[in-house]
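Remarks on the structure that follows.
Quick note on labels: first sequence line is chain A, next is B, and so on, each numbered from 1.
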Amino acid sequence: MRLNGAQALIKSLELEGVEIIFGYPGGAILPVYDPIIDSSIRHILVRHEQGAGHMAEGYAHATGRPGVCMVTSGPAATNVVTALADAMLDSVPMVCITGQVAFAAIGTDAFQECDTTGITRSITKHNILVTKASDIPMAVKEAFHIATTGRPGPVLIDVPKNIVDAGNPDAYFEFEYPTEVDLPGYKPEIEPDQVQIAEAIKLMLEAERPVLYVGGGVLKARGSAALVELAELTAIPVVTTLMARGAFPDSHELCLGMPGMHGNYTAITAIQRSDLLIAMGSRFDDRVTGRVKDFAPDAKVIHVDIDPAEHGKVRVPEVPIAADSRLAMEAMIAELKANGAPAAFKDRSAWRQQISGWQEKYPLTYEQSTDGELLKPQYVIEQLSALNPPDTIVASGVGQHQMFGSQYWKFDHPYTWINSGGLGTMGFSIPAAIGAKAGMPDRTVWAIDGDGCFQMTAQELITAAVDKIPVKIALLNNSFLGMVQQWQDMFYEGRRSEVQMSYDLPDYVKWSEAMGCASRRVEDPNEVEAAIEWANSINDRPVVLEFRCVDSERVFPMVAAGGSNDEVYVDPSQQSTLDAEREAAK
Amino acid sequence: MRTEQETTSAAVAEVSRHTLSVLVENKSGVLARVADLFARRGYNILSLAVAPTADDRFSRITIVVIAEQAVLSQIVKQLFKLINVVKIAELSPGNSVERELMLATVRATEQTRPEIMDIVGDYTAVVLAEGDNQITISVGGATAEIDQLEEALRVHGLVEIQRTGQIALPKIGAEVPILRASK
């Protein structure tokens with residue numbers, strides 16, 4: 001089959017099973033947009049290239065399949081940079097295709113030229129500048145292979161215009177799609193080492209205060225079922241990081257919830273007091289560890305991560321296991337059973353009691369609004385969680401609403417929480433929710449957003465309206481950049497600098513309606529339930545519910561940046577009890 | 001318990017020089033990827049030399065780094081994450097032959113020339129060019145020797161100097177530690 005480079009590119013994507021491209025055409029990528037007309041692949045025309053990138057991420061998070069975005073050269077490539085960096089930090093499988101100026105023009109400062117592979121080198125798992133049309137099929141094959149195996153991540157393919165140009169005789173070649181890749185330096189190892197598994201089992205059998213510290217790697221490994229089995233077999237309590245919410249059911253009695261800067265007291269403190277930390281697909285992020293030298297000071301560490309560079313990057317583990325976390329957990333389960341589990345474990349009833357004591361004393365808590373007061377964001381999220389199907393997919397922006405979302409939504413299913421954990425990208429939620437809904441059209445998809453975030457990417461709601469992707473947005477409008485305000489109040493003597501937005505400007509309901517969404521404003525706690533039900537009754541267009549929230553709510557618990565996890569601030573209503581307890585312990 | 005920070009502070013005295021022999025795919029942009037990795041993660045390179053190998057699919061990069069053991073381990077693991085890096089071995093004076101080339105132009109008056117020629121002779125250097133009150137010499141040798149020669153010439157006045165950075169190969173029959181290799 002004789003094809004030109006553009007046809008070959010689209011054909012290769014079809015052969016990789018791509019069903020959706022999130023993209024935006026322009027000069028250098030124009031030739032590739034022609035064969036899209038005849039392709040089975042659905043193209044979703046975004047309103048900004050950053051949106052294409054985040055949609056591809058949301059799609060990948062929700063479906064487990066690589067997200068694909070395609071944009072032109074120069075400013076389009078630089079616009080997608082944020083999403084690539086985001087996907088890199090959160091290990092999201094994604095393939096991004098960028099147009100490039102003709103090969104002969106590279107390096108001449110041509111119109112819409114930028115050094116895309118140079119700019120994206122450190123924020124992609126790999127990138128490829130293709131120089132010949134006949135290299136396109138292998139570039140696509142390699143990109144999907146690299147993006148989806150080992151530790152997943154974004155791969156960028158930069159395609160000069162001349163090799164996809166239907167008018168260029170040199171852009172034609174006999175198309176054949178490769179069956180395998182030839183990457184002598186890339187053979188990810190995913191099987192656990194049995195010796196290390198045996199070492200890990202020994203520590204697990206000896207442990208008196210173990211904790212399973214679960215990260216996003218478990219989701220990437222499709223390891224939730226194995227995690228439940230391992231936790232139940234060992235009766236070891238589980239904390240799920242921001243990237244792993246839903247990997248273990250919140251309603252499970254062994255679930256302690258989220259650790260870290262805004263984790264709950266029990267999750268944080270169980271790690272601090274543990275004698276064995278089983279880190280499973282987690283990377284000792286600074287938001288989890290707080291001050292590293294004070295983190296889990298008495299714990300031995302088993303660290304399972306598919307990326308060996310994570311072992312010892314922050315904390316030196318006693319037992320490093322470089323493997324796919326699902327395979328490692330399955331090996332642990334088999335080895336534990338062969339070694340007499342569950343009967344062989346130490347009596348850990350004192351540990352269980354200690355944990356339930358913390359849970360009783362320091363649960364997540366907030367005060368409901370008083371009469372006439374605007375909404376509490378925690379209440380809105382509790383209601384959303386309660387009134388939606390348990391497998392609802394929730395995408396979040398970045399800030400207070402993200403932390404409240406993670407804390408107050410009850411996650412009982414994997415792949416239902418999508419957020420920007422590593423990069424902390426404001427504006428992530430709307431495009432990510434659209435990508436998730438496009439990939440999982442039968443599921444209810446909500447975005448939890450703040451007023452700051454909403455203004456960064458709201459235009460993608462036009463994409464959702466035009467393409468009939470009926471996502472629902474819960475906009476928690478508190479008229480402030482809430483998290484920054486909270487830090488200024490707590491750490492900058494209340495000197496508020498450049499954090500005030502506005503309840504009324506823009507008029508979010510009018511704006512949403514102008515973008516083709518149904519929209520309603522909610523100001524009274526008694527209206528919340530009806531509004532959510534109204535939103536859920538609409539399925540022919542996106543819905544934006546503007547929840548007007550109090551402007552002073554703070555996220556608790558909190559560990560100050562760089563502080564020790566032994567110095568948690570809990571909710572003000574609990575702080576005096578905790579202070580007294582700390583005083584008595586001295 | 002050990003944390004990275006404590007390990008780091010305990011091992012401050014153990015910061016030392018390591019020679020990494022890195023086999024990479026011979027593709028455009030690979031050197032930039034390696035250099036970029038060192039820059040963005042804040043690793044110190046003492047020298048870096050790159051050239052094709054006997055197999056034209058691969059190039060070898062010899063990198064000399066100054067690092068304590070935990071950082072060295074991170075450097076190696078992060079390097080190996082680059083898709084085009086195939087194998088990383090650590091070479092040491094005991095298990096390898098090491099060479100570096102230096103070109104140096106030195107001030108040489110009639111009075112000092114004999115003394116400089118003595119030094120040149122001691123280090124088996126070669127005179128490549130001579131001019132008014134200057135000579136250019138070339139010397140190949142172990143990096144430590146070249147360091148000494150550079151010091152010895154410095155007192156006479158170095159006009160220009162260019163060193164290649166160290167290159168190295170395993171000694172014939174020697175076992176070198178392979179730190180990472182694709183299976």
TODO: Could you grab the distance from atom CD1 of Ile83(B) to atom CG of Leu183(A), nearest 0.5 Å is fine?
DONE: 7.0 Å

Task: Residues that Phe144(A) engages under ring pair (Phe, Tyr, Trp, His ring centres under 6.0 Å), provided they are two or more places apart - done: none

Task: Contact class of Asp307(A) relative to chain B, heavy atoms under 4.5 angstrom - done: side chain

Open item on the list: Only heavy atoms, only distances under 4.5 angstrom. Which residues in residues 164-171 of chain B are near chain A?
Closed with: none

Open item on the list: So does Ala309(A) get a backbone contact from the side chain of Gln74(B), meaning a donor-acceptor N/O pair under 3.5 Å?
Closed with: yes

Task: Exercise: identify the closest heavy-atom pair between Ser182(B) and Gly185(A) - done: OG-C, 3.2 Å

Open item on the list: Only heavy atoms, only distances under 4.5 angstrom. Which residues in residues 39-65 of chain B are near chain A?
Closed with: Arg40(B), Phe58(B)

TODO: Walk me through it: do His126(A) and Leu82(B) pass the test side chain to side chain contact (heavy atoms under 4.5 Å, CB included)?
DONE: CA-CA 8 Å; His126(A) 192 57; Leu82(B) 298 178; over 6 Å; no

Task: Close side-chain approach of Lys81(B) to Lys125(A), heavy-atom, < 4.5 Å - done: no

Open item on the list: Taking NZ in Lys187(A) as the centre, count heavy atoms belonging to other residues, nucleotides or ligands within less than 6.0 Å. Is the count above 12?
Closed with: yes

Open item on the list: Can a donor-acceptor pair be found, under 3.5 Å and without considering hydrogens, that links the side chain of Lys77(B) to the backbone of Lys313(A)?
Closed with: no

Task: Residue, of Arg121(A), His311(A), Glu310(A), that accumulates the most heavy atom pairs under 4.5 Å with chain B - done: Arg121(A)

Task: Residue-level contacts of residues 29-38 of chain B with chain A, using a heavy-atom cutoff under 4.5 Å - done: Ala32(B), Arg33(B), Asp36(B)

Open item on the list: Could you check whether any side-chain heavy atom of Pro308(A) comes within less than 4.5 Å of a side-chain heavy atom of Arg180(B), counting everything from C-beta outward?
Closed with: yes

